[in-house]
Each structure stands twice: as structure tokens, then as C-alpha cells.
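Here is the structure we will look at, set down as C-alpha cells.
Here is the naming used below: chain letters follow the sequence lines, and residue numbers restart at 1 for every chain.
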Amino acid sequence: MKFMKIVTWNINGVRARIDNLLHWLKESAPDIVCLQEIKTVDEGFPRFEIEALGYNVETHGQKGFNGVAILSKLPFDEVNRGLPGDDSDEQARFIEGVFSTDKGALRVVSLYLPNGNPVGTEKFPYKLSWMARLERWAAERLALEEALVLAGDYNVIPEAIDARNIELWLGDALYQPETRQAFRRLENLGFTEAVRSVTDQPDVYTFWDYQAGAWQKNNGIRIDHLLLSPEAANRFTSASIEKHVRAWEKPSDHVPVAIDLNLVAA
DNA sequence: ATGGTTGCTCGGCAA
């Protein structure tokens, strides 16, 4: 039985990372990939090399910063760009794709939640308002009772166990009480957080800073998550963090986080 | 360690 493999990866610049990305696509053979921080406009996205490996490509880019994309072996039935709820928000942090499977519709979101640092600037309330918009949007989508996967860089450390040295993050937007509470509110709408649902172990990380030897010291944090609707969670079979990618030449500071769902393309 | 590193763009911001 072939399961559907869905992966989220903050690639930290898709043009700087194209060799890594192509090598990883061949090695990992995902069905659907959610990318964040592509850091390019749509026209600059290296789509042709990726399409040559059999992927459909949909992007929501922005000049210089942010930007998200979905790569899929399945054809897209529908694509939606931008998180609803604030027409004045220009930042490219959200793209949704809809696919057909043997068990009905599958909705997959690639999201790049605002970092929010430094706390005390306008960046932190922007993060919290973005999270409130995401919660409202997710509540509407859950009412559809479809398999829904919200995958991405949440910039949220959910619990102390999700950092090697939580003391280093106490003043950081990623671990503020308001941030963690907003993440719990989202989960408590009815989502399963895939990775934490299959392990209670510490030292499970998805990001290691480039600075101060964080990778060598395993000074990591777990901030890349996949939230599953009940219909997706019922098909969920396994999760894995592809940590070895962090040791490659010219790595992203994040690694791919993968799940398998017991679904096949329609 | 008020540093450290990387990407985008070529000074300074964002992370």
C-alpha cells in the first residue's frame, strides 16, 4: 500500500536552495510539498526544473521576503492565495491547494506564520492578529468535514520540551504566553498536531539557527508543524523529521517534516 | 558573547 507523503519545509530562499531541493525531491519522493520563505516573486521561482521531476507548481511569492508554494504530483483542483480577513495585508504567507483522492477532497495549506520579533514592536501584534485570522479561517474550513492539512513554519514553540534550552526563548515572540495560547486555541478547534501526537520525546527539533554553532550543539527548536483535521487524522499513519538535510552543504536552517496519510490520488 | 550567520540585494533588514 502506497501512502500519500506530505511534507513541509521552510527552504529559506528557493533560488539559493535549488540544488538541495532537487536532490531532496529525488531522495524523499514526496507527493505534496509545502514550501515557505521562497523569497522570490512568482516569476523568479525555478519551476521548470521542478516540473521536470513530475510536480505541479503553485506559488504565492513576494519580492525579497516571505513567499510560499505548493508542489504536487497530484493535479490541483483549486488554488487560493492569501489568508482572508485583512485586505490590507500585503505579505505572502498563505496558499491553499485542493486535490482529489479516493476518499474525497484533500485540502493542503502551506503557511508561513509571522515571526513576531522583537516583542514590543508592531511585529508582535501583527503575529497575534494573523493567528486570530488563521483561527477564524480554520473554523470555517473544519465545517466542511474534509481531510485538511495545515502545514508550515508556525514560528511557535508549543511547549518547553520543544526547545533544547527554553531559557533562551523566554523573551522571544515564538514562546510568548499569547503566542502559545493562540496555537492551542487553533489546535483545540479539533486539529491533531501530527509530530507530537506520535512521540512524547524531547530533542525533536525542526530548526537550528545558523549562528553560534546551534546545529553542532543541537541547540534546536520545533516550530514547523502539521495540523490535521479529524478526517485527515483518521488517515494519518506516520510522521518523520528529515534531520539529515540540515548537515548538507548550504542547508536551510529548517529541515523537512513529513507525514503519511492513507490516501491515494483519485 | 548586546555577538554570532545567511539570503536578498549590494546597505540594511529579516530571521
Side-chain angles (χ1 to χ4, degrees), chain A residues 8-24 33-47 49-50 59-69 83 89-94 110-131 134 151-158 162-176 178-180 182-183 205-225 241 243-257:
Chain A
T8 181
W9 189 15
N10 180 323
I11 197 164
N12 189 21
V14 70
R15 287 178 296 172
R17 214 72 61 209
I18 185 61
D19 291 345
N20 270 10
L21 176 58
L22 295 173
H23 185 262
W24 173 77
V33 184
C34 298
L35 297 176
Q36 301 88 39
E37 283 205 271
I38 63 173
K39 293 187 173 180
T40 177
V41 294
D42 295 333
E43 296 72 28
F45 194 92
R47 64 164 51 243
E49 301 96 305
I50 295 166
T59 63
H60 184 37
Q62 180 178 345
K63 182 179 167 63
F65 307 102
N66 303 326
V68 289
L83 177 62
D89 185 358
E90 304 285 342
Q91 300 193 30
R93 297 179 173 276
F94 184 99
S110 178
L111 68 90
Y112 178 46
L113 207 145
N115 176 292
N117 281 303
V119 176
T121 69
E122 73 291 343
K123 291 175 186 246
F124 189 59
Y126 173 66
K127 176 182 193 140
L128 296 179
S129 68
W130 205 94
M131 294 183 85
L134 180 61
D153 178 358
Y154 280 74
N155 273 311
V156 174
I157 302 170
D162 297 308
R164 175 70 171 221
N165 296 115
I166 198 61
E167 297 78 13
L168 300 175
W169 301 94
L170 295 180
D172 196 285
L174 279 58
Y175 193 66
Q176 290 307 292
E178 299 95 324
T179 304
R180 298 172 60 208
F183 186 70
Y205 308 128
T206 65
F207 168 92
W208 295 261
D209 202 289
Y210 289 123
Q211 303 182 68
W215 168 245
Q216 289 75 13
K217 292 189 276 194
N218 195 27
N219 180 18
I221 51 177
R222 196 175 70 89
I223 58 175
D224 299 274
H225 309 297
I241 296 177
K243 184 177 177 178
H244 67 287
V245 174
R246 186 63 177 79
W248 289 359
E249 289 294 315
K250 263 178 78 74
S252 171
D253 40 8
H254 298 249
V255 296
V257 183

Proximal nucleotide (of dT9(B), dA15(B), dT5(B)) relative to the E37(A) side chain: dA15(B)

Rounded distance in Å between the C1' positions of dG4(B) and dA14(B): 15 Å

Side chain of N66(A) (C-beta onward), nearest among dA15(B), dC8(B), dG7(B): dA15(B)

Atom C1', compared across dG11(B) and dT6(B): separation rounded to whole Å: 16 Å

Distance, rounded to the nearest Å, where K127(A) contributes NZ and dA15(B) contributes P: 10 Å

Separation of atom NZ in K217(A) from atom P in dA1(B), rounded to whole Å: 11 Å

Derivation of the side chain to side chain contact (heavy atoms under 4.5 Å, CB included) call for T40(A) and V14(A): CA-CA 8 Å; T40(A) 177; V14(A) 70; 3.8 Å; yes

Any residue meeting salt bridge (charged side-chain N to carboxylate O under 4.0 Å, His left out) with D153(A), in chain and number order, not counting sequence neighbours: none

Euclidean distance, atom CG of residue D19(A) to atom P of dG7(B) [Å, nearest integer]: 12 Å

Atom-pair distance (CD on Q211(A); C1' on dT5(B)), nearest Å: 5 Å

Toward the 5' end of DNA chain B, by each residue's nearest nucleotide, A16(A) or D209(A): D209(A)

Between dT5(B) (C1') and K39(A) (NZ): distance, integer Å: 11 Å

Span that lies between the C1' atom of dT9(B) and that of dC13(B), in whole angstrom: 11 Å

Ring pair (Phe, Tyr, Trp, His ring centres under 6.0 Å) evaluation trace for W248(A) with W24(A): CA-CA 10 Å; W248(A) 289 359; W24(A) 173 77; 8.4 Å; no

Residue list, side-chain hydrogen bond (donor to acceptor under 3.5 Å, both in side chains) with H23(A), at least two apart or on another chain: none

L113(A) CG - dA15(B) C1' separation (whole Å): 14 Å

Atom-to-atom span, CZ of F65(A) to P of dT9(B) - whole angstrom: 8 Å

Contact under 4.0 Å: R17(A) side-chain N or O vs dT6(B) OP1/OP2: no

Touch class at under 4.0 angstrom, heavy-atom based, for F207(A) against every strand present: nothing

A212(A) vs K123(A), nearer the 5' end of DNA chain B by closest nucleotide: A212(A)

Selected nucleotide, minimal atom distance to Y210(A) side chain, candidates dA15(B), dT9(B), dT5(B): dT5(B)

Option among Q36(A), K39(A), Q91(A) that satisfies the side-chain hydrogen bond (donor to acceptor under 3.5 Å, both in side chains) test with N66(A): Q91(A)

For atom CG of N115(A) and atom P of dA14(B), their distance in whole Å: 11 Å

C1' gap between dG3(B) and dA15(B), integer Å: 16 Å

